Amino acid sequence: MNRPTIAIATLGGTLSMQRGEPGEGITPSLGGAELLASVPELGALAHIRIKSLSLLPSASVNFDFLLQVLEWANDQITLGAQGVVITQGTDTLEESATFFEYLWPHDTPLVLTGAMRSASEASADGPGNLLDACRVALSASSKGRGVLVVMNGEIHASLSVRKTHTLALNAFTSATGGPVGLMIEHTPRFLHPGAPRMTLPIPSCTTHKVALLEASLSADTLILEQLVEMGYQGLVIAGFGAGHVSEKWSIALQAIAINLPVIVGSRTGAGTTAFHTYGFTGGEIDLIRKGLHLSGFLCPRKARLLLWLVIGCGQQSKLNDFLAYGQGCQTS
Ligand code: ASP
């Protein structure tokens, strides 16, 4: 029987970690071949092409590296892979998935997974997650759905999934709308239809900086006052509630928005920003009038990635379209 080809890249993270000496902490050390050996079922599923691209804890992944990973993934499609899977650390997995979502033009799915327990633990979840990720990547029902995150028997859309627990096995959740699918008897079952997708070209500039700041009670405006001079080209605020800031911040942000795109999202972790409900200074109506963008369902850290990408490809004029696309992805 002709088995499909699946391409897997490993970047590091807990899935690749094990303990060295007793008493020492776990560190990334398992490359592709060792990971493959831990999932013997994969051989029956597909012909596997596996590549260790790094052994990084995911806090140290950066945009330039993600662009290299994307180049590798695009090459795999050209070489005929029917599915592409990337394993990485869970700490920043939601951000990598979002980054790739905006840049992945193919119908063939790109699936990200990781592990909450290292290979040294008796109940390691890495091998099961990798196997599920491959099943999702090869499923015809995953086609056209862009970038998916598979963890703990659940399939999540990249724009809604977040790591919402430090250590639990079920650390990944999509607070608004839930997972888009589940693994049922080893088969991916999608609960919602796919939505039309929008992607950006590969950014031609990668040196610009976009800041992410969180609104907090009685916060001063010192950093805001210096942000433009510091050389930032964009700003995202994790605002209070439905996308709000204090009166002082509203004034400071208005001054910044004359020079830079500013997006305000919500620091709450679930739900959408409002657009036409609150009328106080610092509320969303005031911020929109002052030229700021509200991020809707897109959480601030994902909005920062979008802003960085649109600036990098010179497509700032499409920012609102992409923010609206984030809305659609949550509801379909
Ligand atoms: N706890 C993390 C993980 O799951 C460490 C990292 O993000 O690399 O991989």
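Whatever order the structure lists ligands and atoms in, that order sets their numbers, starting from 1. Worth saying up front: this structure is predicted, and the values here are computed from it rather than measured.
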Check: Under 3.5 Å, side chain of Thr10 to main-chain N/O of Gly12, donor-acceptor pair present?
Finding: no

Item checked: Side chain proximity check, Pro261 to Ile311, heavy atoms < 4.5 angstrom -> yes

Note to self: Polar contacts were defined as any N/O atom of the residue lying under 3.5 Å from an N/O atom of the ligand; does this apply to Ala115 and ligand 1?
What the structure shows: yes

Notebook entry, point to check: Are the side chain of Glu101 and the backbone of Val147 linked by a donor-acceptor contact shorter than 3.5 Å?
Noted result: yes

Note to self: Among all protein heavy atoms in this structure, tell me which lies nearest to atom 4 (O) of ligand 1, with the distance rounded to 0.1 Å.
What the structure shows: Thr90 OG1, 2.5 Å

Checklist line | Neighbour count >12 (heavy atoms, 6.0 Å) for atom OH, Tyr278 | finding: no

Notebook entry, point to check: Under 4.0 Å from any heavy atom of Asp91, which atoms of ligand 1 are there?
Noted result: 1 (N), 2 (C), 5 (C), 6 (C), 7 (O)

Item checked: Distance from atom 8 (O) of ligand 1 to nearest protein heavy atom, with residue and atom -> Ser58 N, 2.6 Å

Check: For the side chain of Arg189 and the backbone of Glu185, is there at least one donor-acceptor N/O pair under 3.5 Å apart?
Finding: no

Margin query: Quick check: do Glu247 and Phe280 have side-chain heavy atoms less than 4.5 Å from each other?
Written below: no

Next item on the list: Just jot down the ligand 1 atoms closer than 4.0 angstrom to any heavy atom of Pro57, in number order.
Entry: 8 (O)

Checklist line | ligand 1 atoms in contact with Gly13 (distance to a heavy atom under 4.0 Å) | finding: 8 (O), 9 (O)

Notebook entry, point to check: So which protein heavy atom does atom 3 (C) of ligand 1 come closest to, and at what separation?
Noted result: Thr14 OG1, 2.7 Å

